[in-house]
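Before any comments, here is the structure.
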Amino acid sequence: MLAAFATHTDLRIGWELTDLEKTQADRLLADASHLIRMTADYQQISRVDHDTVTLRGSRTACLVLPQRPVRDVTAVAGVPGTAWLWDGGERLHRVDGRCWDGPVTVTYSHGFDTDDIAYQVAVTIACDAVKRVLSNPEMVKQRSIDDYSETLADARASLMAGEQDTIRQAFGVRSWGVTP
């Protein structure tokens, strides 16, 4: 299981959390992190070194690696290093005149370091989602007293439309696997 982008110590809420609230906040931050990854087309976002993925080759000379950003490619199982070339982005090319065929197992590093700006966007959005829950634990949608009325944000640990757009823009992948 992938780690949450933040812990309760990253929340800036203006009051001291109880031990129970700290536990709840950490659980909610893990949930929010999963929602962010889902919204980002299942990008892990966190840095992973020497990850292994098996892709299906379909008789093309180019493969697209699924996790972004690709930091490096260290090996392709059963294929000599002189037969393939990583383009420095997300694509792996055959340079020996052959095509990728059958299962292709690639070892590569990908994702963002915790101090990267893009990673910090994920931290901020996860924390904002959890702050909405912690500041409205009764999940009140609207309250009125005399002529005063207040509508509150959805208190579930969910992502607002603008947050979803930001995540898709920062991390979303339109396609991956084999390309023509």
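When reading the values below, keep in mind they use all heavy atoms of this one structure, side chains included, and skip hydrogens, waters and symmetry mates.
Considering all non-hydrogen atoms of both residues, A129 and L159 come closest at CB-CD2, 4.5 Å. Taking every heavy atom of both residues into account, G57 and L63 meet most closely at CA-CD2, 4.4 Å. The two residues P66 and Q43 make their nearest non-hydrogen contact at O-NE2, 2.7 Å. Heavy atoms only, all atoms of each residue included: V130 and A32 are closest at CG2-CB, 4.4 Å. Residues L92 and W100 approach most closely at O-NE1, 3.3 Å, considering heavy atoms. In plain terms, the two heavy atoms of L134 and A25 that are nearest each other are CD1-CB, 4.1 Å.
With sequence neighbours excluded, no residue satisfies side-chain hydrogen bond (donor to acceptor under 3.5 Å, both in side chains) with T166. Applying the side chain to side chain contact (heavy atoms under 4.5 Å, CB included) criterion to T107, with sequence neighbours excluded, gives H50, T52, T74, A75. Every residue meeting the side chain to side chain contact (heavy atoms under 4.5 Å, CB included) condition with D165, not counting sequence neighbours, appears here in chain and number order: R168. Listed by chain and residue number, P103, T105 satisfy the side chain to side chain contact (heavy atoms under 4.5 Å, CB included) test with T54 (two or more places apart in sequence, or in another chain). Judged as a side-chain hydrogen bond (donor to acceptor under 3.5 Å, both in side chains), and not counting sequence neighbours, the contacts of E163 are R132. The side chain to side chain contact (heavy atoms under 4.5 Å, CB included) search around E21 returns W15, L17, T18, not counting sequence neighbours. When the salt bridge (Lys or Arg N to Asp or Glu O under 4.0 Å) test is applied to D128, the partners found at least two apart in sequence or on another chain are K131. In terms of the side-chain hydrogen bond (donor to acceptor under 3.5 Å, both in side chains) criterion, D101 has no residue partners (sequence neighbours excluded).
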Give the C-alpha distance, both sets of side-chain angles, the deciding distance and a yes or no for side chain to side chain contact (heavy atoms under 4.5 Å, CB included) between S109 and D72. CA-CA 5 Å; S109 298; D72 67 10; 3.2 Å; yes
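In this structure, Y42 shares a hydrophobic cluster with M38, the cluster being traced through Ile, Leu, Val, Met, Phe, Trp and Tyr side chains under 4.5 angstrom apart. Summarising the hydrophobic clusters (Ile, Leu, Val, Met, Phe, Trp, Tyr; side-chain heavy atoms under 4.5 Å, direct or chained), the residues clustered with L85 are V95.
From H8, atom NE2 reaches atom CG of L28 across 13.0 Å, with rounding to the nearest 0.5 Å. Atom CD1 of I125 and atom CG of L35 lie 11.5 Å apart (nearest 0.5 Å). Here S33 contributes atom OG and I45 contributes atom CD1; the two are 8.5 Å apart, rounded to the nearest 0.5 Å. Between atom OG1 of residue T124 and atom CD1 of residue I117 there is a gap of 11.0 Å, rounded to the nearest 0.5 Å.
For the pair D96 and T82, the minimum side-chain heavy-atom distance is 4.5 Å or more. When side chains are defined from C-beta on, D51 does not count as touching V53, because their heavy atoms never get closer than 4.5 Å.
Put simply, the side chain of Q67 gets close to the backbone of Q44: a donor and an acceptor are under 3.5 Å apart. Between the side chain of D113 and the backbone N or O of D115, no donor-acceptor pair lies under 3.5 Å. Under the 3.5 Å distance criterion, the side-chain polar atoms of Q120 are matched with a main-chain donor or acceptor of T114.
Side chains of T7 and T9: a donor on one and an acceptor on the other come within 3.5 Å. A donor-acceptor contact under 3.5 angstrom links the side chains of S46 and R37, judged on distance only.
For residues 116-127, the pairs satisfying salt bridge (charged side-chain N to carboxylate O under 4.0 Å, His left out) are R71-D116, with sequence neighbours left out. Residue pairs satisfying the ring pair (Phe, Tyr, Trp, His ring centres under 6.0 Å) criterion with at least one member in residues 104-123, sequence neighbours excluded, are listed as follows: F5-Y119, Y108-H110, F112-F171.
Following chains of ILVMFWY side-chain contacts shorter than 4.5 Å, one cannot reach V48 starting from W86, and the two form parts of different hydrophobic clusters.
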